[in-house]
2 protein chains.
Amino acid sequence: MATIPRAGSAFLLAQLGAHAAARFAERVAELDLTPPQTGLLRAVATGPGRSQQELAGYLGMPPSRLVALVDGLAARGLLERRRNPDDRRLHALHPTAEGERMLGRIGEVARAHDDELLAGLDATERETLRELLARVAGQQGLTPGVHPGYRRV
Amino acid sequence: MATIPRAGSAFLLAQLGAHAAARFAERVAELDLTPPQTGLLRAVATGPGRSQQELAGYLGMPPSRLVALVDGLAARGLLERRRNPDDRRLHALHPTAEGERMLGRIGEVARAHDDELLAGLDATERETLRELLARVAGQQGLTPGVHPGYRRV
DNA sequence: TATTGTTATACTCTATAACTATA
DNA sequence: TATAGTTATAGAGTATAACAATA
């Protein structure tokens with residue numbers, strides 16, 4: 001029988017990443033949000049006024065998919081579409097005051113999520129892990145704050 | 001405008017995990033395999049002779065889903081179902097010699113994948129990262145070698 | 001009657017591409 | 001004719017639950 005090699009760091013990352021994403025999805029579900037929605041809300045607040053095309057490109061999804069996400073958040077009053085009078089084809093996206101408040105709550109959820117996930121590490125180890133992860137993410141060309149897997153709710 | 005907090009370690013883990021999983025999927029696609037197939041093949045080789053029910057429980061998927069995965073690998077001669085003469089309802093799963101060879105190739109792919117992903121870290125840093133990730137995975141109760149997200153090809 | 005494995009059904013999510021309105 | 005946004009369609013992948021064989 002062939003030797004079964006132990007899982008490498010890449011596998012550990014994929015495994016822990018899926019676990020972290022699933023737990024986060026459970027937590028934001030209590031705010032009646034999906035992870036892609038939180039990502040979009042955050043992106044809109046980070047750079048208000050961008051068009052849907054710009055946002056879709058930034059988040060790495062087809063514009064048609066953004067429509068449903070925007071619809072959902074707009075229907076709940078968390079963000080709004082503002083028509084550009086100079087070019088009425090464009091919809092500039094802005095967070096509402098309610099959206100800003102929701103973002104604050106998402107931040108609290110994210111902090112609690114972080115604490116739970118890293119419960120096995122002390123403060124120094126957490127900082128070491130964070131720094132190493134940020135280095136790898138940067139070297140791999142990942143855009144800060146943009147999840148490649150916003151393809152699943 | 002509310003403050004946009006920087007992404008925490010949990011987000012970095014989810015982001016890097018999705019990236020790692022996507023790159024791994026690209027690599028094993030060259031072996032004409034999907035990540036769930038590699039996970040099943042590995043699980044079968046790790047503990048040969050288990051029933052499909054046992055495997056499904058171990059991998060955290062419904063038995064009905066395992067059927068299609070087993071069908072695909074069996075059709076390619078990578079594993080085989082052996083009926084238990086004492087209880088003909090049971091199908092014990094075993095890797096074939098060809099399956100063992102394929103597992104070796106998957107191991108090579110995984111090592112190359114690891115190297116590419118961690119290209120930004122030196123040997124000491126890689127070991128530190130691995131140790132921290134393994135600690136977190138253990139504390140979170142994750143089963144070694146079992147990916148919670150074998151739900152997506 | 002209970003259990004293993006299988007098949008059938010229905011559902012969720014997605015990308016592609018057709019469509020509309022504006023330019 | 002080109003572009004922003006929207007809608008329609010179809011495809012992939014999944015879980016649930018019904019089913020057949022065996023116990």
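Below, read A as the first sequence line, B as the second, and so on, with proteins coming before strands; counting in each chain starts at 1.
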Next on the checklist: Please list all pairs meeting side chain to side chain donor-acceptor pair (under 3.5 Å) that have one or both residues in residues 136-145 of chain B, counting only residues at least two apart or in different chains.
Outcome noted: A/His19-B/Gln140
Checklist outcome for this item: Here the distance between atom C1' of C/dT4 and atom CG of B/Leu55, to the nearest Å, is 13 Å
Checklist entry - For the pair made of CD in A/Gln52 and C1' in D/dG5, what is the distance, rounded to whole Å? => result 6 Å
Checklist entry - Which residue pairs pass the salt bridge (charged side-chain N to carboxylate O under 4.0 Å, His left out) test when at least one of the two sits in residues 90-99 of chain A, sequence neighbours left out? => result A/Glu98-A/Arg101, A/Glu98-A/Arg105
Checklist outcome for this item: With the side chain defined as heavy atoms from C-beta on, A/Arg65 is closest, among D/dG5, C/dT4, C/dA15, to C/dA15
Checklist entry - Got B/His113 and A/Phe11 here, is their nearest side-chain heavy-atom distance under 4.5 Å? => result no
Checklist outcome for this item: Looking only at D/dT7, D/dA15, C/dT6, the nucleotide nearest the A/Asp71 side chain is D/dT7
Item to check | Nearest-Å distance for atom pair CD/P, residues A/Glu54 and D/dA4 | outcome: 9 Å
Checklist entry - What residues form a side-chain hydrogen bond (donor to acceptor under 3.5 Å, both in side chains) with B/Glu127, not counting sequence neighbours? => result none
Checklist entry - Is there a chain of hydrophobic side chains (I, L, V, M, F, W, Y, each step under 4.5 Å between heavy atoms) that links A/Leu129 to A/Leu142? => result yes
Next on the checklist: As a check on the pairing definition, encode DNA chain C in dot-bracket form, counting Watson-Crick and G-U wobble pairs whose two distances are under 3.5 Å, and using | for partners outside this strand.
Outcome noted: |||||||||||||||||||||||
Checklist outcome for this item: To the nearest angstrom, the CG-P distance between B/Leu66 and C/dT7 comes to 13 Å
Item to check | Partners passing side-chain hydrogen bond (donor to acceptor under 3.5 Å, both in side chains) against B/Glu108 (at least two apart in sequence or in another chain) | outcome: none
List the atom pairs, donor and acceptor, that lie under 3.5 Å between side-chain atoms in residues 20-33 of chain B and the rest of the protein, sequence neighbours left out.
from    : atom 1 : to       : atom 2 : distance (Å)
B/Arg23 : NE     : B/Glu116 : OE1    : 3.2
B/Arg23 : NH1    : B/Glu26  : OE1    : 2.3
B/Arg23 : NH2    : B/Glu116 : OE1    : 3.3
B/Arg23 : NH2    : B/Glu116 : OE2    : 2.9
B/Arg27 : NH2    : B/Glu116 : OE2    : 3.3

Item to check | Protein-nucleotide distance (B/Met61, atom CE; C/dT4, atom C1'), rounded to Å | outcome: 17 Å
Checklist entry - CZ of A/Arg50 versus P of D/dA4: gap in Å, rounded? => result 15 Å
Next on the checklist: For C/dT6 and B/Arg81 - does any side-chain N or O of the residue sit under 4.0 Å from the phosphate oxygens OP1/OP2?
Outcome noted: yes
Report all interatomic pairs (protein N or O, nucleotide N or O of nucleotides 17-23 of chain D) with separations under 3.5 Å.
from   : atom 1 : to      : atom 2 : distance (Å)
D/dA23 : OP1    : B/Arg88 : N      : 2.7

Next on the checklist: Checking A/Glu54 now: which residues fulfil salt bridge (charged side-chain N to carboxylate O under 4.0 Å, His left out) with it, not counting sequence neighbours?
Outcome noted: none
Checklist outcome for this item: Applying salt bridge (charged side-chain N to carboxylate O under 4.0 Å, His left out) to B/Arg130 and not counting sequence neighbours gives none
Checklist entry - Between A/His91 (NE2) and C/dA21 (C1'), how many Å, whole number? => result 10 Å
Next on the checklist: Please report the distance, rounded to the nearest Å, between CD in A/Gln53 and P in C/dA23.
Outcome noted: 15 Å
Next on the checklist: Using the side-chain heavy atoms of B/Pro62, tell me which of these nucleotides is nearest: D/dT16, D/dT6, C/dT7.
Outcome noted: D/dT16
